[in-house]
Protein chains: 2
Amino acid sequence: MDSPYDSEKGGISSLVPENHPRRESLLLRERLTESMREGSVVPQGLIAHGRGECFDYLLGERTNDFAMKSINASAALLLISSHPVISVNGNMAALTARELVKLSKEIKAPLEVNLFYRNHEREVKIERTLKEAGAEEVLGVGNDASATIPELFSERRRVSPRGILVADTVFLAMEDGDRTEALTRIGKKVIAVDLNPLSRTSLKASITIVDNVIRVVPLLIKRIEELKGKGKDELVQIVNSFDNRKNLREALQFMSERLNQLALSL
Amino acid sequence: MDSPYDSEKGGISSLVPENHPRRESLLLRERLTESMREGSVVPQGLIAHGRGECFDYLLGERTNDFAMKSINASAALLLISSHPVISVNGNMAALTARELVKLSKEIKAPLEVNLFYRNHEREVKIERTLKEAGAEEVLGVGNDASATIPELFSERRRVSPRGILVADTVFLAMEDGDRTEALTRIGKKVIAVDLNPLSRTSLKASITIVDNVIRVVPLLIKRIEELKGKGKDELVQIVNSFDNRKNLREALQFMSERLNQLALSL
(Lines give C-alpha, C1' and ligand atoms only; values in the text may rest on other atoms or scores of the structure.)
Protein backbone atom coordinates (compact mmCIF):
# COMPACT_ATOMS: atom_id res chain seq x y z
CA MET A 1 0.00 0.00 0.00
CA ASP A 2 1.18 3.48 -0.76
CA SER A 3 -0.73 5.23 1.95
CA PRO A 4 -2.38 4.01 5.12
CA TYR A 5 -4.88 6.81 4.69
CA ASP A 6 -6.60 5.27 1.69
CA SER A 7 -9.85 4.45 3.45
CA GLU A 8 -11.14 2.64 0.38
CA LYS A 9 -8.78 -0.13 1.36
CA GLY A 10 -10.49 -0.42 4.72
CA GLY A 11 -7.72 1.03 6.86
CA ILE A 12 -5.43 -0.80 9.17
CA SER A 13 -8.15 -2.89 10.80
CA SER A 14 -8.47 -4.97 7.66
CA LEU A 15 -4.74 -5.56 7.75
CA VAL A 16 -4.34 -6.56 11.38
CA PRO A 17 -4.82 -10.31 11.76
CA GLU A 18 -7.34 -11.48 14.35
CA ASN A 19 -4.59 -13.09 16.37
CA HIS A 20 -2.27 -10.07 16.46
CA PRO A 21 -1.30 -9.61 20.11
CA ARG A 22 -1.78 -5.85 19.87
CA ARG A 23 -4.92 -5.97 17.73
CA GLU A 24 -7.21 -4.38 20.31
CA SER A 25 -4.75 -1.58 20.92
CA LEU A 26 -4.17 -1.01 17.20
CA LEU A 27 -7.90 -0.80 16.52
CA LEU A 28 -8.37 1.76 19.28
CA ARG A 29 -5.57 3.86 17.86
CA GLU A 30 -7.22 3.72 14.48
CA ARG A 31 -10.57 4.76 15.93
CA LEU A 32 -8.96 7.77 17.59
CA THR A 33 -6.97 8.61 14.49
CA GLU A 34 -10.13 8.55 12.39
CA SER A 35 -11.88 10.74 14.96
CA MET A 36 -9.03 13.21 14.77
CA ARG A 37 -9.22 13.26 11.02
CA GLU A 38 -12.94 14.03 11.08
CA GLY A 39 -12.39 16.67 13.74
CA SER A 40 -13.76 15.53 17.09
CA VAL A 41 -10.36 14.60 18.58
CA VAL A 42 -7.41 17.00 18.64
CA PRO A 43 -3.77 15.98 18.10
CA GLN A 44 -3.09 16.45 21.80
CA GLY A 45 -5.73 13.78 22.38
CA LEU A 46 -3.59 11.26 20.50
CA ILE A 47 -0.57 12.08 22.63
CA ALA A 48 -2.70 11.71 25.76
CA HIS A 49 -3.94 8.35 24.48
CA GLY A 50 -0.35 7.23 23.99
CA ARG A 51 0.51 8.14 27.58
CA GLY A 52 -2.51 6.16 28.68
CA GLU A 53 -1.38 3.12 26.68
CA CYS A 54 1.88 3.05 28.58
CA PHE A 55 0.19 3.22 31.98
CA ASP A 56 -2.34 0.61 30.88
CA TYR A 57 0.51 -1.69 29.97
CA LEU A 58 1.83 -1.24 33.52
CA LEU A 59 -1.61 -2.23 34.80
CA GLY A 60 -1.45 -5.46 32.83
CA GLU A 61 -4.24 -4.09 30.63
CA ARG A 62 -6.87 -5.37 33.00
CA THR A 63 -9.07 -4.13 35.81
CA ASN A 64 -7.27 -4.68 39.10
CA ASP A 65 -8.57 -4.84 42.68
CA PHE A 66 -7.91 -1.18 43.42
CA ALA A 67 -9.92 -0.19 40.34
CA MET A 68 -12.82 -2.43 41.38
CA LYS A 69 -12.84 -0.70 44.78
CA SER A 70 -13.02 2.66 43.03
CA ILE A 71 -15.76 1.46 40.71
CA ASN A 72 -17.74 0.22 43.70
CA ALA A 73 -17.43 3.56 45.50
CA SER A 74 -18.25 5.43 42.29
CA ALA A 75 -21.41 3.41 41.74
CA ALA A 76 -22.53 4.16 45.28
CA LEU A 77 -21.74 7.87 44.94
CA LEU A 78 -23.61 8.18 41.66
CA LEU A 79 -26.65 6.49 43.19
CA ILE A 80 -26.82 8.90 46.13
CA SER A 81 -26.13 11.97 43.98
CA SER A 82 -29.12 14.19 43.28
CA HIS A 83 -27.68 15.74 40.12
CA PRO A 84 -24.86 13.71 38.55
CA VAL A 85 -23.45 14.83 35.20
CA ILE A 86 -21.22 12.97 32.73
CA SER A 87 -18.60 15.26 31.20
CA VAL A 88 -17.52 14.14 27.72
CA ASN A 89 -14.42 15.07 25.72
CA GLY A 90 -13.30 14.01 22.26
CA ASN A 91 -11.38 10.90 23.27
CA MET A 92 -14.20 9.61 25.46
CA ALA A 93 -16.74 10.08 22.69
CA ALA A 94 -14.48 8.35 20.19
CA LEU A 95 -13.86 5.37 22.43
CA THR A 96 -16.98 4.85 24.56
CA ALA A 97 -19.97 6.78 23.20
CA ARG A 98 -22.42 3.89 23.37
CA GLU A 99 -21.45 2.94 26.90
CA LEU A 100 -21.62 6.55 28.11
CA VAL A 101 -25.14 6.88 26.75
CA LYS A 102 -26.11 3.72 28.59
CA LEU A 103 -24.54 5.02 31.81
CA SER A 104 -26.36 8.31 31.33
CA LYS A 105 -29.71 6.55 31.15
CA GLU A 106 -28.90 4.19 34.01
CA ILE A 107 -28.35 7.01 36.51
CA LYS A 108 -30.39 9.73 34.81
CA ALA A 109 -27.30 11.90 34.38
CA PRO A 110 -27.10 14.30 31.44
CA LEU A 111 -24.18 14.12 29.04
CA GLU A 112 -22.31 17.40 28.69
CA VAL A 113 -19.58 18.22 26.19
CA ASN A 114 -16.69 20.04 27.84
CA LEU A 115 -13.44 20.59 25.96
CA PHE A 116 -10.00 21.95 26.74
CA TYR A 117 -9.54 22.69 23.03
CA ARG A 118 -12.97 24.08 22.41
CA ASN A 119 -14.44 25.02 19.11
CA HIS A 120 -18.00 24.82 17.94
CA GLU A 121 -17.31 22.38 15.12
CA ARG A 122 -15.79 19.88 17.57
CA GLU A 123 -18.70 20.31 19.97
CA VAL A 124 -21.20 19.54 17.24
CA LYS A 125 -19.26 16.51 16.04
CA ILE A 126 -19.06 15.07 19.54
CA GLU A 127 -22.76 15.77 20.01
CA ARG A 128 -23.47 13.92 16.78
CA THR A 129 -21.37 10.96 17.90
CA LEU A 130 -23.30 10.75 21.16
CA LYS A 131 -26.67 11.09 19.45
CA GLU A 132 -25.75 8.40 16.93
CA ALA A 133 -24.96 6.26 19.98
CA GLY A 134 -28.46 6.83 21.32
CA ALA A 135 -28.30 10.04 23.34
CA GLU A 136 -31.45 12.16 23.28
CA GLU A 137 -29.97 15.42 24.53
CA VAL A 138 -26.39 16.64 24.86
CA LEU A 139 -25.57 19.69 26.96
CA GLY A 140 -22.70 22.14 26.64
CA VAL A 141 -22.89 22.61 22.88
CA GLY A 142 -22.70 26.13 21.47
CA ASN A 143 -24.72 28.68 23.38
CA ASP A 144 -25.85 26.11 25.91
CA ALA A 145 -22.43 26.54 27.55
CA SER A 146 -23.51 29.89 28.89
CA ALA A 147 -22.36 29.59 32.49
CA THR A 148 -18.85 29.59 33.93
CA ILE A 149 -16.92 27.77 36.65
CA PRO A 150 -15.09 30.17 38.96
CA GLU A 151 -11.31 30.03 39.28
CA LEU A 152 -10.83 28.17 36.02
CA PHE A 153 -9.18 29.84 33.06
CA SER A 154 -9.20 27.32 30.24
CA GLU A 155 -12.10 26.97 27.86
CA ARG A 156 -13.41 24.25 30.15
CA ARG A 157 -14.76 26.96 32.42
CA ARG A 158 -17.71 27.35 30.04
CA VAL A 159 -20.45 24.99 31.15
CA SER A 160 -24.15 24.38 30.84
CA PRO A 161 -26.34 25.97 33.53
CA ARG A 162 -28.43 22.80 33.46
CA GLY A 163 -25.46 20.43 33.71
CA ILE A 164 -22.02 20.81 35.24
CA LEU A 165 -22.88 24.14 36.87
CA VAL A 166 -25.59 22.61 39.05
CA ALA A 167 -24.14 19.12 39.33
CA ASP A 168 -23.27 17.67 42.71
CA THR A 169 -21.16 14.93 41.11
CA VAL A 170 -19.23 15.06 37.83
CA PHE A 171 -17.98 11.91 36.08
CA LEU A 172 -15.05 12.55 33.74
CA ALA A 173 -12.04 10.91 32.14
CA MET A 174 -8.74 11.84 30.51
CA GLU A 175 -8.90 15.34 31.85
CA ASP A 176 -6.69 18.22 32.83
CA GLY A 177 -6.07 18.73 36.51
CA ASP A 178 -7.08 22.40 36.61
CA ARG A 179 -10.70 21.63 35.93
CA THR A 180 -10.93 18.77 38.39
CA GLU A 181 -9.40 20.98 41.06
CA ALA A 182 -11.75 23.84 40.27
CA LEU A 183 -14.78 21.56 40.47
CA THR A 184 -13.81 20.11 43.84
CA ARG A 185 -12.97 23.57 45.16
CA ILE A 186 -16.53 24.70 44.56
CA GLY A 187 -17.85 21.67 46.39
CA LYS A 188 -18.60 19.17 43.67
CA LYS A 189 -17.63 15.51 43.89
CA VAL A 190 -15.51 14.36 40.96
CA ILE A 191 -15.20 10.79 39.75
CA ALA A 192 -12.19 10.64 37.46
CA VAL A 193 -11.15 7.74 35.25
CA ASP A 194 -7.42 8.11 34.74
CA LEU A 195 -4.77 5.55 33.87
CA ASN A 196 -2.13 7.73 35.53
CA PRO A 197 -2.37 7.59 39.34
CA LEU A 198 0.03 10.53 39.62
CA SER A 199 -1.84 13.03 37.48
CA ARG A 200 -3.27 16.13 39.09
CA THR A 201 -6.69 14.90 38.08
CA SER A 202 -6.13 11.64 39.94
CA LEU A 203 -4.80 13.41 43.02
CA LYS A 204 -7.58 16.01 43.13
CA ALA A 205 -10.59 13.82 42.33
CA SER A 206 -12.93 12.55 45.03
CA ILE A 207 -12.73 9.05 43.58
CA THR A 208 -10.15 8.05 40.99
CA ILE A 209 -10.59 4.89 38.96
CA VAL A 210 -7.10 3.90 37.80
CA ASP A 211 -8.14 1.92 34.76
CA ASN A 212 -9.00 2.23 31.09
CA VAL A 213 -12.28 4.03 30.48
CA ILE A 214 -13.18 1.36 27.93
CA ARG A 215 -13.15 -1.29 30.66
CA VAL A 216 -14.52 0.98 33.38
CA VAL A 217 -17.84 2.17 32.00
CA PRO A 218 -19.41 -1.28 31.45
CA LEU A 219 -18.21 -2.41 34.89
CA LEU A 220 -19.58 0.74 36.47
CA ILE A 221 -22.97 0.21 34.86
CA LYS A 222 -23.02 -3.37 36.10
CA ARG A 223 -22.10 -2.32 39.64
CA ILE A 224 -24.76 0.40 39.65
CA GLU A 225 -27.36 -2.20 38.68
CA GLU A 226 -26.17 -4.43 41.53
CA LEU A 227 -26.24 -1.63 44.12
CA LYS A 228 -29.60 -0.14 43.14
CA GLY A 229 -31.43 -2.23 45.73
CA LYS A 230 -29.22 -1.07 48.60
CA GLY A 231 -30.44 1.42 51.17
CA LYS A 232 -29.04 4.94 51.20
CA ASP A 233 -27.21 4.43 54.50
CA GLU A 234 -25.32 1.50 53.07
CA LEU A 235 -24.40 3.46 49.96
CA VAL A 236 -23.19 6.40 52.04
CA GLN A 237 -21.07 4.00 54.08
CA ILE A 238 -19.48 2.61 50.91
CA VAL A 239 -18.57 6.12 49.79
CA ASN A 240 -17.27 7.24 53.18
CA SER A 241 -15.07 4.20 53.64
CA PHE A 242 -13.25 4.79 50.36
CA ASP A 243 -9.76 6.31 50.70
CA ASN A 244 -8.61 7.73 47.37
CA ARG A 245 -4.98 8.35 48.36
CA LYS A 246 -4.63 4.82 49.69
CA ASN A 247 -6.14 3.51 46.48
CA LEU A 248 -3.71 5.52 44.34
CA ARG A 249 -0.79 4.21 46.39
CA GLU A 250 -1.98 0.67 45.75
CA ALA A 251 -2.12 1.34 42.02
CA LEU A 252 1.42 2.74 42.03
CA GLN A 253 2.77 -0.14 44.05
CA PHE A 254 1.09 -2.57 41.67
CA MET A 255 2.77 -0.89 38.71
CA SER A 256 6.10 -0.89 40.53
CA GLU A 257 5.87 -4.59 41.31
CA ARG A 258 4.87 -5.38 37.74
CA LEU A 259 7.98 -3.62 36.40
CA ASN A 260 10.12 -5.49 38.87
CA GLN A 261 8.64 -8.82 37.79
CA LEU A 262 9.17 -7.91 34.14
CA ALA A 263 12.80 -7.05 34.90
CA LEU A 264 13.33 -10.44 36.53
CA SER A 265 11.85 -12.18 33.51
CA LEU A 266 14.31 -10.64 31.03
CA MET B 1 -9.06 32.04 21.96
CA ASP B 2 -11.54 30.22 19.81
CA SER B 3 -9.13 27.76 18.29
CA PRO B 4 -5.68 26.59 19.28
CA TYR B 5 -5.00 26.08 15.59
CA ASP B 6 -4.90 29.77 14.74
CA SER B 7 -1.18 29.96 14.09
CA GLU B 8 -1.36 33.72 13.67
CA LYS B 9 -1.67 33.84 17.42
CA GLY B 10 1.63 32.03 17.76
CA GLY B 11 0.28 28.71 18.98
CA ILE B 12 0.47 27.29 22.43
CA SER B 13 4.13 28.17 22.94
CA SER B 14 3.24 31.82 23.29
CA LEU B 15 0.69 30.89 25.91
CA VAL B 16 2.81 28.62 28.08
CA PRO B 17 4.60 30.66 30.74
CA GLU B 18 8.36 30.23 31.00
CA ASN B 19 7.99 28.75 34.46
CA HIS B 20 5.32 26.19 33.56
CA PRO B 21 6.56 22.88 34.97
CA ARG B 22 5.59 21.03 31.79
CA ARG B 23 6.74 23.72 29.37
CA GLU B 24 9.43 21.61 27.70
CA SER B 25 7.03 18.73 27.24
CA LEU B 26 4.27 21.00 25.92
CA LEU B 27 6.61 22.59 23.39
CA LEU B 28 7.72 19.19 22.11
CA ARG B 29 4.11 18.14 21.69
CA GLU B 30 3.46 21.27 19.73
CA ARG B 31 6.45 20.68 17.49
CA LEU B 32 5.23 17.18 16.72
CA THR B 33 1.68 18.37 16.23
CA GLU B 34 2.85 20.99 13.75
CA SER B 35 4.93 18.37 11.95
CA MET B 36 1.87 16.15 11.69
CA ARG B 37 -0.17 19.00 10.31
CA GLU B 38 2.40 19.71 7.60
CA GLY B 39 2.67 16.02 6.81
CA SER B 40 6.00 14.61 7.98
CA VAL B 41 4.62 12.93 11.12
CA VAL B 42 1.66 10.54 11.06
CA PRO B 43 -1.04 10.37 13.75
CA GLN B 44 0.42 7.10 15.01
CA GLY B 45 3.61 9.06 15.66
CA LEU B 46 1.75 11.24 18.16
CA ILE B 47 0.44 8.20 20.00
CA ALA B 48 3.96 6.76 20.07
CA HIS B 49 5.24 10.06 21.44
CA GLY B 50 2.65 9.91 24.20
CA ARG B 51 3.78 6.41 25.19
CA GLY B 52 7.32 7.73 25.28
CA GLU B 53 6.31 10.61 27.55
CA CYS B 54 4.99 8.17 30.12
CA PHE B 55 8.16 6.08 30.12
CA ASP B 56 10.28 9.24 30.24
CA TYR B 57 8.37 10.33 33.32
CA LEU B 58 9.28 6.99 34.90
CA LEU B 59 12.93 7.72 34.07
CA GLY B 60 12.73 11.01 35.92
CA GLU B 61 13.10 12.76 32.56
CA ARG B 62 16.86 12.58 32.75
CA THR B 63 19.72 10.46 31.48
CA ASN B 64 20.44 7.73 34.02
CA ASP B 65 23.54 5.57 34.56
CA PHE B 66 22.26 2.69 32.45
CA ALA B 67 21.67 5.06 29.53
CA MET B 68 25.17 6.51 29.86
CA LYS B 69 26.58 2.97 29.68
CA SER B 70 24.60 2.39 26.49
CA ILE B 71 25.72 5.70 25.04
CA ASN B 72 29.33 4.82 25.80
CA ALA B 73 29.03 1.43 24.08
CA SER B 74 27.17 3.01 21.15
CA ALA B 75 29.88 5.61 20.64
CA ALA B 76 32.52 2.89 20.59
CA LEU B 77 30.51 0.73 18.18
CA LEU B 78 29.92 3.61 15.78
CA LEU B 79 33.62 4.42 15.78
CA ILE B 80 34.67 0.87 14.85
CA SER B 81 31.89 0.48 12.25
CA SER B 82 32.99 0.69 8.64
CA HIS B 83 29.59 1.69 7.29
CA PRO B 84 27.25 3.14 9.91
CA VAL B 85 23.89 4.55 8.80
CA ILE B 86 21.42 6.75 10.67
CA SER B 87 17.82 5.75 9.98
CA VAL B 88 15.38 8.64 10.29
CA ASN B 89 11.62 8.61 10.75
CA GLY B 90 9.13 11.47 11.06
CA ASN B 91 9.29 11.88 14.83
CA MET B 92 13.09 11.89 14.86
CA ALA B 93 13.24 14.52 12.14
CA ALA B 94 10.67 16.67 13.92
CA LEU B 95 12.48 16.52 17.24
CA THR B 96 16.22 16.22 16.51
CA ALA B 97 17.03 17.09 12.88
CA ARG B 98 19.92 19.42 13.67
CA GLU B 99 21.54 17.02 16.11
CA LEU B 100 21.17 14.07 13.71
CA VAL B 101 22.93 16.03 10.97
CA LYS B 102 25.75 16.80 13.37
CA LEU B 103 26.00 13.13 14.37
CA SER B 104 25.99 12.15 10.71
CA LYS B 105 28.98 14.39 10.02
CA GLU B 106 30.79 13.36 13.19
CA ILE B 107 30.89 9.68 12.22
CA LYS B 108 30.54 10.02 8.44
CA ALA B 109 27.27 8.10 8.48
CA PRO B 110 24.64 8.84 5.84
CA LEU B 111 21.13 9.81 6.88
CA GLU B 112 18.45 7.57 5.41
CA VAL B 113 14.70 8.10 5.56
CA ASN B 114 12.89 4.88 6.42
CA LEU B 115 9.19 4.92 7.28
CA PHE B 116 6.61 2.46 8.51
CA TYR B 117 3.89 4.65 7.02
CA ARG B 118 5.65 5.41 3.79
CA ASN B 119 4.56 7.81 1.16
CA HIS B 120 6.60 9.95 -1.14
CA GLU B 121 5.28 13.25 0.15
CA ARG B 122 6.36 12.38 3.69
CA GLU B 123 9.78 11.27 2.49
CA VAL B 124 10.34 14.56 0.71
CA LYS B 125 9.19 16.58 3.70
CA ILE B 126 11.53 14.75 6.04
CA GLU B 127 14.34 15.16 3.52
CA ARG B 128 13.63 18.89 3.43
CA THR B 129 13.67 19.09 7.22
CA LEU B 130 17.05 17.38 7.33
CA LYS B 131 18.50 19.55 4.55
CA GLU B 132 17.24 22.70 6.27
CA ALA B 133 19.10 21.41 9.32
CA GLY B 134 22.32 21.20 7.31
CA ALA B 135 22.28 17.77 5.67
CA GLU B 136 23.92 17.58 2.24
CA GLU B 137 22.46 14.29 1.09
CA VAL B 138 19.56 12.19 2.35
CA LEU B 139 19.14 8.59 1.24
CA GLY B 140 16.00 6.49 0.97
CA VAL B 141 13.82 9.09 -0.72
CA GLY B 142 11.71 8.05 -3.69
CA ASN B 143 13.49 5.78 -6.14
CA ASP B 144 16.64 5.74 -4.05
CA ALA B 145 14.87 3.17 -1.85
CA SER B 146 15.35 0.57 -4.54
CA ALA B 147 16.65 -2.32 -2.46
CA THR B 148 14.85 -4.53 0.05
CA ILE B 149 15.57 -6.13 3.41
CA PRO B 150 14.74 -9.84 3.45
CA GLU B 151 12.15 -11.20 5.85
CA LEU B 152 10.53 -7.83 6.46
CA PHE B 153 7.04 -7.12 5.20
CA SER B 154 6.25 -3.53 6.14
CA GLU B 155 7.18 -0.62 3.94
CA ARG B 156 10.37 -0.34 5.95
CA ARG B 157 11.79 -3.20 3.87
CA ARG B 158 12.50 -0.69 1.11
CA VAL B 159 15.96 0.75 1.64
CA SER B 160 18.75 2.51 -0.17
CA PRO B 161 21.42 0.26 -1.73
CA ARG B 162 23.99 2.83 -0.60
CA GLY B 163 22.71 3.06 2.97
CA ILE B 164 20.88 0.59 5.19
CA LEU B 165 21.35 -2.28 2.74
CA VAL B 166 25.15 -2.16 3.02
CA ALA B 167 25.37 -0.81 6.56
CA ASP B 168 27.13 -2.79 9.25
CA THR B 169 25.55 -0.67 11.98
CA VAL B 170 22.18 1.09 11.94
CA PHE B 171 21.27 3.83 14.44
CA LEU B 172 17.52 4.26 14.89
CA ALA B 173 14.89 5.45 17.34
CA MET B 174 11.18 5.08 18.03
CA GLU B 175 10.91 2.08 15.77
CA ASP B 176 8.86 -1.02 15.23
CA GLY B 177 10.36 -4.27 16.41
CA ASP B 178 9.95 -6.14 13.12
CA ARG B 179 12.52 -4.03 11.37
CA THR B 180 15.06 -4.14 14.18
CA GLU B 181 14.71 -7.91 14.29
CA ALA B 182 15.09 -8.23 10.53
CA LEU B 183 18.23 -6.08 10.55
CA THR B 184 19.91 -8.08 13.29
CA ARG B 185 18.90 -11.34 11.64
CA ILE B 186 20.84 -10.41 8.52
CA GLY B 187 23.89 -9.60 10.61
CA LYS B 188 23.70 -5.87 11.16
CA LYS B 189 24.31 -4.22 14.52
CA VAL B 190 21.42 -2.04 15.64
CA ILE B 191 21.67 0.83 18.09
CA ALA B 192 18.14 1.67 19.20
CA VAL B 193 17.05 4.67 21.23
CA ASP B 194 13.84 3.64 22.96
CA LEU B 195 12.20 4.92 26.12
CA ASN B 196 10.47 1.56 26.57
CA PRO B 197 12.88 -1.13 27.79
CA LEU B 198 10.29 -3.81 27.08
CA SER B 199 9.63 -3.06 23.43
CA ARG B 200 10.60 -5.60 20.81
CA THR B 201 12.98 -3.03 19.41
CA SER B 202 14.71 -2.72 22.78
CA LEU B 203 14.91 -6.48 23.23
CA LYS B 204 16.20 -7.17 19.73
CA ALA B 205 18.70 -4.34 19.35
CA SER B 206 22.42 -4.87 19.84
CA ILE B 207 22.59 -1.81 22.08
CA THR B 208 19.50 -0.13 23.47
CA ILE B 209 19.70 3.37 24.91
CA VAL B 210 16.75 3.69 27.29
CA ASP B 211 16.44 7.45 27.17
CA ASN B 212 14.85 10.29 25.24
CA VAL B 213 16.37 10.76 21.79
CA ILE B 214 16.46 14.51 22.43
CA ARG B 215 18.88 13.98 25.31
CA VAL B 216 20.72 11.08 23.72
CA VAL B 217 22.03 12.48 20.45
CA PRO B 218 24.02 15.40 21.93
CA LEU B 219 25.47 13.10 24.59
CA LEU B 220 26.37 10.52 21.97
CA ILE B 221 28.15 13.13 19.86
CA LYS B 222 30.09 14.29 22.91
CA ARG B 223 31.09 10.74 23.82
CA ILE B 224 32.19 10.01 20.26
CA GLU B 225 34.43 13.07 20.37
CA GLU B 226 35.92 11.84 23.66
CA LEU B 227 36.54 8.31 22.37
CA LYS B 228 38.00 9.25 19.00
CA GLY B 229 41.53 9.12 20.35
CA LYS B 230 41.16 5.58 21.69
CA GLY B 231 42.73 2.60 19.98
CA LYS B 232 40.55 0.09 18.18
CA ASP B 233 41.24 -2.68 20.70
CA GLU B 234 39.97 -0.51 23.51
CA LEU B 235 36.84 0.38 21.56
CA VAL B 236 36.16 -3.27 20.76
CA GLN B 237 36.55 -4.08 24.45
CA ILE B 238 33.99 -1.41 25.37
CA VAL B 239 31.50 -2.89 22.91
CA ASN B 240 32.11 -6.50 23.95
CA SER B 241 31.74 -5.79 27.64
CA PHE B 242 28.29 -4.26 27.18
CA ASP B 243 25.38 -6.52 28.18
CA ASN B 244 22.12 -5.21 26.70
CA ARG B 245 19.78 -7.49 28.67
CA LYS B 246 21.45 -6.54 31.93
CA ASN B 247 21.15 -2.90 30.98
CA LEU B 248 17.44 -3.24 30.19
CA ARG B 249 16.87 -4.96 33.54
CA GLU B 250 18.56 -2.03 35.28
CA ALA B 251 16.28 0.40 33.47
CA LEU B 252 13.19 -1.56 34.49
CA GLN B 253 14.29 -1.83 38.08
CA PHE B 254 14.98 1.90 38.14
CA MET B 255 11.46 2.59 36.90
CA SER B 256 10.01 0.16 39.42
CA GLU B 257 11.83 1.80 42.30
CA ARG B 258 10.77 5.25 41.15
CA LEU B 259 7.10 4.22 41.18
CA ASN B 260 7.54 2.76 44.63
CA GLN B 261 9.09 5.97 45.91
CA LEU B 262 6.30 8.00 44.34
CA ALA B 263 3.74 5.76 46.04
CA LEU B 264 5.38 6.33 49.41
CA SER B 265 5.30 10.08 48.88
CA LEU B 266 1.53 10.23 48.33
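Lettering follows sequence order; numbering is per chain, from 1.
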- Item | Neighbour count >12 (heavy atoms, 6.0 Å) for atom CG, A:Asn240 | yes
- Indicate the atoms forming the closest heavy-atom contact of A:Pro43 with B:Arg37, along with that distance. CG-NH2, 3.9 Å
- For the residue pair A:Asn260 and B:Ser256, what are the closest heavy atoms and their distance? CB-OG, 3.6 Å
- Note on the structure: Heavy-atom nearest pair, B:Leu259 first then A:Leu259, reads CD1-CD1, 3.7 Å
- Nearest 0.5 Å, what's the CD-CD distance between B:Glu30 and A:Gln44? 8.5 Å
- Interchain contact, A:Met36 with chain B, by part (heavy-atom threshold 4.5 Å): side chain
- What are the residues of residues 48-73 of chain B, in order of number, with any heavy atom under 4.5 angstrom from a heavy atom of chain A? B:His49, B:Gly50, B:Arg51, B:Glu53, B:Cys54, B:Phe55, B:Tyr57, B:Leu58
- Message: If we define contacts as heavy-atom pairs under 4.5 Å, which of A:Gln253, A:Glu121, A:Gln261, A:Arg258 has the most with chain B?
- Response: A:Gln253
- Message: So does B:Leu266 get a backbone contact from the side chain of A:Arg249, meaning a donor-acceptor N/O pair under 3.5 Å?
- Response: yes
- Query: Side chains of B:Thr33 and A:Ile47: closer than 4.5 Å at any heavy-atom pair?
  - Reply: yes
- Message: Quick check on B:Lys189: does its NZ atom have over 12 non-hydrogen neighbours (other residues, nucleotides or ligands) under 6.0 Å away?
- Response: no
- Item | Contact residues of residues 195-215 of chain B (partner chain A; heavy-atom separation under 4.5 angstrom) | B:Leu198, B:Leu203
